[in-house]
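Each chain gets a letter, A, B and so on, in the order its sequence line appears, and its residues count up from 1.
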2 protein chains.
Amino acid sequence: MPSTLGYALLGLLARKPRTGYELTRALREPIGYFWTASHSQVYPELARLEARGWVCYEIIDGPGPRDTKRYAITAAGRRALAAWAVVPPRPERSRNELLLKVYSLWLADPAAARALITAEREQHSAMLARYEKLAAQSERGDPADLAAPQFFDYATLCRGLSFERHVLAWCDWLVAALERRTGPAAP
Amino acid sequence: MPSTLGYALLGLLARKPRTGYELTRALREPIGYFWTASHSQVYPELARLEARGWVCYEIIDGPGPRDTKRYAITAAGRRALAAWAVVPPRPERSRNELLLKVYSLWLADPAAARALITAEREQHSAMLARYEKLAAQSERGDPADLAAPQFFDYATLCRGLSFERHVLAWCDWLVAALERRTGPAAP
DNA sequence: TAGCACATGTAACTCGTTACATGATTTG
DNA sequence: CAAATCATGTAACGAGTTACATGTGCTA
């Protein structure tokens, strides 16, 4: 039973073969919205998956002192991934540093407290813009085809859009509440 | 500079003095909604905070083979907490195992996929009910008093309510989309 | 020619979980 | 009398981050 990262890599390889470097990049950009890993985790994990027979690789020529390996998922890997995907994940305990700060914000300087929430708002606003751009670009595929990955890409994107909108609304509410009490921020 | 857990403990102690055990409990029930830790983390962290002069303790008598210590925050601890609270947290990379599973759900059995999302929906439905109960109980305090903790308790609760409602709506949408394609689930 | 993207690995360290350990008091 | 709750600690392990390490090819 490999780690969650192993299944993240399998999920990417089930769509197309990639090198370790390409997997690392994918763990920043499309997958990074819900799972991340650094390259120092990726290479050992690929070796473990290969030892288990869930991925295989061919050596292609590339730059640098080492071999460049292009990995692909095997039939056994695909079966393992499909089985893992429907096992309910254990309820994960949330870790939200911002909420922890809000919990102690009554001790803080009111102007600085307002600035904290405003900054957070901007982060989520930027993230929402990125998701909206992705949504505009995405070809959704045939929505009738549940065996094609596009619909599930779209489902994860919808979750991101919804999440950012909800956080944004909460930030707006909180900033307004803080301003109502202490007067609007100085210019 | 202590860990985030240190500030979580300070945040609790700024409200009232507690024993390590009481802090551990608080890290499950009220704080657990946005930060968790097990008791094996709490005791060493309390020792570190004490060494730094941010908390102090008095020994009270209790059961068991060891001393029972009741910890309280010091003036220095309170200053450190107030300063930390307004420093913007580094944007945290999300880790959402369910979304990772959704990303590979096109490979899975459609009925099992539907069951996965339905189960997730029930989890969030139960969590929403807990939050709504808490909201009904909560005395919000004088909303004009930004130096009192009650308003900020309420703010974190609002975030929980909003979060669960958004996830619930997404689950409902996804289940409906999956059913529309494969026909309603067998009874 | 300096920096970046490509490309792959190892090592040290931190944070968090699980398991090990002990023992009193209360409740079913 | 068994189990849960109160109460506090240490140790082993696993997952993840940061830093170390090497080297090519392209572009500003």
Side-chain angles (χ1 to χ4, degrees), chain A residues 1-9 12-13 17-29 31-32 34-51 55 57-71 89-97 100, chain B residues 1-9 12-13 17-29 31-32 34-51 55 57-71 89-97 100:
Chain A
M1 55 203 82
S3 66
T4 307
L5 172 61
Y7 292 106
L9 298 177
L12 285 163
L13 294 176
R18 295 173 218 236
T19 66
Y21 188 83
E22 287 167 338
L23 287 165
T24 301
R25 258 190 321 183
L27 282 167
R28 278 203 303 272
E29 187 52 27
I31 301 298
F34 45 89
W35 204 264
T36 56
S38 51
H39 78 275
S40 63
Q41 269 185 288
V42 168
Y43 293 105
E45 188 62 41
L46 281 170
R48 280 190 286 268
L49 291 174
E50 205 264 324
V55 300
Y57 62 86
E58 52 168 346
I59 292 176
I60 58 178
D61 52 309
R66 291 185 193 81
D67 291 339
T68 294
K69 299 171 190 166
R70 177 155 49 216
Y71 287 88
R90 56 166 92 180
E92 54 197 308
R93 24 205 160 306
S94 46
R95 276 239 148 68
N96 190 323
E97 195 172 335
L100 200 57
Chain B
M1 53 203 84
S3 66
T4 307
L5 172 61
Y7 293 106
L9 298 177
L12 286 163
L13 294 175
R18 296 174 217 234
T19 66
Y21 188 82
E22 287 167 338
L23 287 165
T24 301
R25 258 190 322 183
L27 283 166
R28 277 203 303 272
E29 187 51 29
I31 302 298
F34 44 88
W35 203 266
T36 56
S38 51
H39 77 275
S40 64
Q41 268 184 288
V42 168
Y43 293 105
E45 187 63 42
L46 280 170
R48 280 190 287 268
L49 292 173
E50 205 264 324
V55 301
Y57 64 85
E58 52 168 345
I59 293 177
I60 58 179
D61 53 309
R66 290 186 195 81
D67 291 338
T68 294
K69 298 172 190 165
R70 178 155 47 218
Y71 287 88
R90 58 165 92 179
E92 54 196 308
R93 27 203 159 305
S94 46
R95 277 239 148 66
N96 190 324
E97 196 173 335
L100 200 57

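An OP1 or OP2 oxygen of D/dT5 is reached within less than 4.0 angstrom by no side-chain nitrogen or oxygen of B/R25. Using a 4.0 Å cut-off, no side-chain N or O of A/K69 falls inside it from OP1 or OP2 of C/dA7. A sub-4.0 Å separation between OP1 or OP2 of C/dC15 and a side-chain N or O of B/Q41 is absent.
In this entry the distance linking CG of A/D61 with C1' of C/dC6 reads 13 Å, nearest Å. Nucleotide D/dA7 holds its C1' atom 16 Å from the CZ atom of B/R18, rounded to whole Å. Straight-line distance from the OH atom of A/Y57 to the C1' atom of C/dT8: 13 Å, rounded to whole Å. The interatomic distance linking A/R95 (CZ) with C/dT14 (P) rounds to 18 Å, in whole Å. As a whole-Å value, the separation of B/Y43 OH from C/dC20 C1' is 16 Å. B/E50 places its CD atom 11 Å from the P atom of D/dG9, with the value rounded to the nearest Å. We find that NE2 of B/H39 is positioned 14 Å from P of D/dC6, with the value rounded to whole Å. What separates CD of B/E45 from C1' of C/dC15 is a distance of 11 Å, to the nearest Å.
A distance-only check finds no donor-acceptor pair linking the side chain of A/E45 to the backbone of A/V42 [under 3.5 Å].
Proximity of B/R95 to A/W35: side-chain heavy atoms (C-beta onward) are separated by under 4.5 Å at one or more points. Contact of the B/L9 side chain with the B/R18 side chain is not registered, since no non-hydrogen atoms from C-beta on lie closer than 4.5 Å. Between B/L23 and B/L46 the shortest side-chain heavy-atom distance falls below 4.5 Å. Side-chain contact between B/L13 and B/L49: absent, with no pair of heavy atoms (C-beta onward) separated by less than 4.5 Å.
Heavy atoms of A/R70 sit nowhere under 4.0 angstrom from any nucleic acid atom. At the heavy-atom level, A/S40 lies under 4.0 Å from base atoms of the strands shown. In this structure, B/T68 reaches the sugar-phosphate backbone alone: every heavy-atom distance under 4.0 Å involves primed, P, OP1 or OP2 atoms, never a base. Residue contacts shown for B/R28 are absent, as no nucleic acid heavy atom lies under 4.0 Å away.
Of all nucleotides listed (C/dT18, C/dT8, D/dT8), C/dT18 comes nearest to the side chain of A/R90.
Checking B/R93 against B/Y21, the closest nucleotide of DNA chain D that is more toward the 5' end is the one next to B/Y21.
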